[in-house]
Amino acid sequence: MHTNRSNGARTPWPTRIGVTGGVLGLLLTTAACGGDDGGAAADGGTTRDDGPVTMRMSWWGSDTRHAATQELIDLYESQNEGVTIEGDFTGFADYWDRLATSTAGGDAPCLMQQDTRYVREYADRGALLDLTPYIEDGTIDTSDLDENVAETGAVEDATYAIPTGVNAFSVVIDPAAYEAAGVPVPDGSSWTWEEMVDTAAQVTQATGGEVYGMQAMGLNGGDTNFEVYAREQGEALFDENGEIGFTTETLADWWAIEKRASETGAEPPPATTVEVFNGGVDQALVATGNGASGFWWTNELPALTAGAGSELEFRQFPTEEGDGETGMYLKPAMFWAISSDCESPQEAAMLLDWLINSEDAVNIIKADRGLPVNTELRDQIAPTLDAPGQAAVAFVEEITPGLQDPPALPPQGAGEVQSILQRYTEQILFDQVSVEDAAEQFMSEVESAIA
């Protein structure tokens, strides 16, 4: 067992919404120690030259992603005799509890899908392998990776995760909904936050509430939505040192926009807003013909379009001045990382390299894990994508020159921010707390979460 990198007391492993009851007790008593040596690269471990190798690979996602990933596994096994890959997958809601439990028990999957919110936490606990030696010796080829995100899995001088692809958090609109309401379609290069709400309210009013102008900002992807707003103000969700990088005033201002959207009817009533949010992408307002706009990742457009039955479009986030100086950035859609306990790290590194650099692999997964991080392969598959996928490629190419750099990996405990922000957003919408008090309380809770 490795020694704790921070030499501090053990803490529970990160989960999507925190662990409770018996699981919390399990993690407190069996949590894997972090480690100075755990983060260092191991030797080759067990390889296929020693005999058959079996590795577990974990990911979250939809049924479509599960099927495509199993196809990837089958193909890799057929091309690499002596290697068996056991798939371990679930939905996002359960993924982090499962991963935390298996990691704490010393049974983490060799290759795991990771998220920006958790990479640093797992790395600091010594649970992830430092991939730097495998990059330096060419086992993992990073030469063709998108330079905007290629190093986003680094913590200090070590690389613990490699992006699967890129996407951007954006405003998705249904032009047909605006046109049917007789409301001008927004110009993403010049609209303001105030205009966004006013325009959305006009859509709701013109349709008698049959179509709402926008979906709530603070629920689906609310932490990223606020982060874009804060970065526009020269602030950040977390700064380079992992400290809170925004003021309570900025958060209160952003929540005031949300509150105004609710009060003017730009958004549905609070109860409907929460119900829609809990329904996920399939029940999104723009996916069901019940809304004109919402906030979604670019790689979610195919799923939204499938439900909408009409062509949806991307828009940049509004800005305070309407000058297009956005706080948006390209984000690693997700990461691949290798457990520091993996018994076959060399084999896992070879699999990781194949997943990001193989034309065969990219042709199977396409843009499901974001637009491919390998830019040459991204260009190759772009013409083969469906219309929503091609729209995502075009939008990312269009906005990239004006985007800010991706933020640094957030600190330990940052995985709790999204659920905390969602909770306060609901309380604000239901008039249970003022935006000012919510901002103060949110700040206090986040400080405790990352302490």
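Predicted, not measured: the structure shown is a model, and the values here were computed from it.
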Residues Val185, Ile173; criterion side chain to side chain contact (heavy atoms under 4.5 Å, CB included); working and verdict: CA-CA 9 Å; Val185 176; Ile173 72 164; 3.5 Å; yes
Is it true that atom [atom1] of [X] has more than 12 heavy atoms of other residues, nucleotides or ligands lying nearer than 6.0 Å?
{"X": "Gln70", "atom1": "CD", "result": "yes"}
{"X": "Glu195", "atom1": "CD", "result": "yes"}
{"X": "Glu343", "atom1": "CD", "result": "no"}
{"X": "Glu151", "atom1": "CD", "result": "no"}
{"X": "Asn278", "atom1": "CG", "result": "yes"}

Validation row: [X], [Y] side chains within 4.5 angstrom (heavy atoms):
{"X": "Ile450", "Y": "Ile244", "result": "yes"}
{"X": "Gln422", "Y": "Phe277", "result": "yes"}
{"X": "Glu359", "Y": "Val362", "result": "no"}
{"X": "Thr384", "Y": "Lys366", "result": "yes"}
{"X": "Phe246", "Y": "Phe238", "result": "no"}
{"X": "Glu426", "Y": "Val274", "result": "yes"}
{"X": "Met55", "Y": "Glu347", "result": "yes"}
{"X": "Asp360", "Y": "Ile364", "result": "no"}

Can you check side chain to side chain donor-acceptor pair (under 3.5 Å) on Gln346 and Thr139, steps first, answer last? CA-CA 8 Å; Gln346 181 74 24; Thr139 302; 3.2 Å; yes
Expected output: side-chain [X] to main-chain [Y] donor-acceptor under 3.5 Å:
{"X": "Asn374", "Y": "Leu145", "value": "no"}
{"X": "Ser419", "Y": "Glu416", "value": "yes"}
{"X": "Asp239", "Y": "Gly242", "value": "yes"}
{"X": "Ser102", "Y": "Leu99", "value": "yes"}
{"X": "Glu300", "Y": "Val281", "value": "no"}
{"X": "Glu267", "Y": "Met214", "value": "no"}
{"X": "Ser339", "Y": "Ala108", "value": "no"}
{"X": "Glu235", "Y": "Thr247", "value": "yes"}
{"X": "Arg117", "Y": "Gly415", "value": "no"}
{"X": "Arg315", "Y": "Pro186", "value": "yes"}

Near-ring test Phe317/Tyr229, centroid separation under 6.0 angstrom: no
Are the aromatic rings of Tyr329 and Phe169 close, with centres under 6.0 Å apart?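 No - the distance between ring centres of Tyr329 and Phe169 does not fall below the 6.0 Å cut-off.
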Would Tyr76 and Ile85 count as a side chain to side chain contact (heavy atoms under 4.5 Å, CB included) if you check the C-alpha gap in whole Å, the side-chain angles of each, and the deciding distance to 0.1 Å? CA-CA 9 Å; Tyr76 189 81; Ile85 303 167; 3.5 Å; yes
From [X] atom [atom1] to [Y] atom [atom2], the distance as rounded to the nearest 0.5 Å:
{"X": "Leu237", "Y": "Phe226", "atom1": "CG", "atom2": "CZ", "value": "6.5 Å"}
{"X": "Leu421", "Y": "Asp223", "atom1": "CG", "atom2": "CG", "value": "6.5 Å"}
{"X": "Asn225", "Y": "Met217", "atom1": "CG", "atom2": "CE", "value": "5.5 Å"}
{"X": "Ser344", "Y": "Met350", "atom1": "OG", "atom2": "CE", "value": "11.0 Å"}
{"X": "Tyr118", "Y": "Gln412", "atom1": "OH", "atom2": "CD", "value": "12.5 Å"}

Charged N to carboxylate O below 4.0 Å: is that the case for [X] and [Y]?
{"X": "Glu376", "Y": "Arg378", "answer": "no"}
{"X": "Arg48", "Y": "Glu81", "answer": "no"}
{"X": "Arg423", "Y": "Glu445", "answer": "yes"}

Under the criterion side chain to side chain donor-acceptor pair (under 3.5 Å), I'd like the reasoning laid out for Asp141 against Asn357: C-alpha separation, chi angles, the key distance, then a yes or no. CA-CA 8 Å; Asp141 182 4; Asn357 290 316; 4.8 Å; no
Distance only, no hydrogens: is a donor on one side chain within 3.5 Å (strictly under) of an acceptor on the other, for [X] and [Y]?
{"X": "Trp255", "Y": "Thr425", "value": "yes"}
{"X": "Asp146", "Y": "Asn148", "value": "yes"}
{"X": "Gln316", "Y": "Ser170", "value": "no"}

Test side chain to side chain donor-acceptor pair (under 3.5 Å) on Glu232 and Trp254 and set out the steps. CA-CA 11 Å; Glu232 183 194 330; Trp254 177 76; over 6 Å; no
Which atom names give the shortest non-hydrogen contact between [X] and [Y], and what distance separates them?
{"X": "Leu131", "Y": "Ile162", "value": "CD1-CG1, 3.8 Å"}
{"X": "Gly153", "Y": "Leu409", "value": "C-CD1, 4.1 Å"}
{"X": "Ala391", "Y": "Leu301", "value": "CB-CD2, 4.0 Å"}
{"X": "Ala236", "Y": "Ala230", "value": "N-CB, 4.2 Å"}
{"X": "Ile140", "Y": "Ile356", "value": "CG2-CD1, 4.4 Å"}
{"X": "Leu312", "Y": "Pro175", "value": "CA-CD, 4.4 Å"}

Under the side chain to side chain contact (heavy atoms under 4.5 Å, CB included) rule, what do Trp296 and Leu304 come out as? Steps first, then yes or no, please. CA-CA 9 Å; Trp296 298 93; Leu304 294 168; 3.6 Å; yes
Between [X] and [Y], what is the ring plane arrangement, given parallel below 30°, perpendicular above 60°, and tilted in between?
{"X": "Phe442", "Y": "Tyr424", "value": "perpendicular"}
{"X": "Trp60", "Y": "Tyr95", "value": "perpendicular"}
{"X": "Phe395", "Y": "Phe314", "value": "parallel"}

Kindly indicate, with the supporting measurements, whether the criterion side chain to side chain donor-acceptor pair (under 3.5 Å) is fulfilled by Thr164 and Trp336. CA-CA 6 Å; Thr164 65; Trp336 289 121; 5.6 Å; no
Between Leu355 and Leu351, is the side chain to side chain contact (heavy atoms under 4.5 Å, CB included) condition met? List the steps. CA-CA 6 Å; Leu355 288 168; Leu351 171 58; 4.2 Å; yes
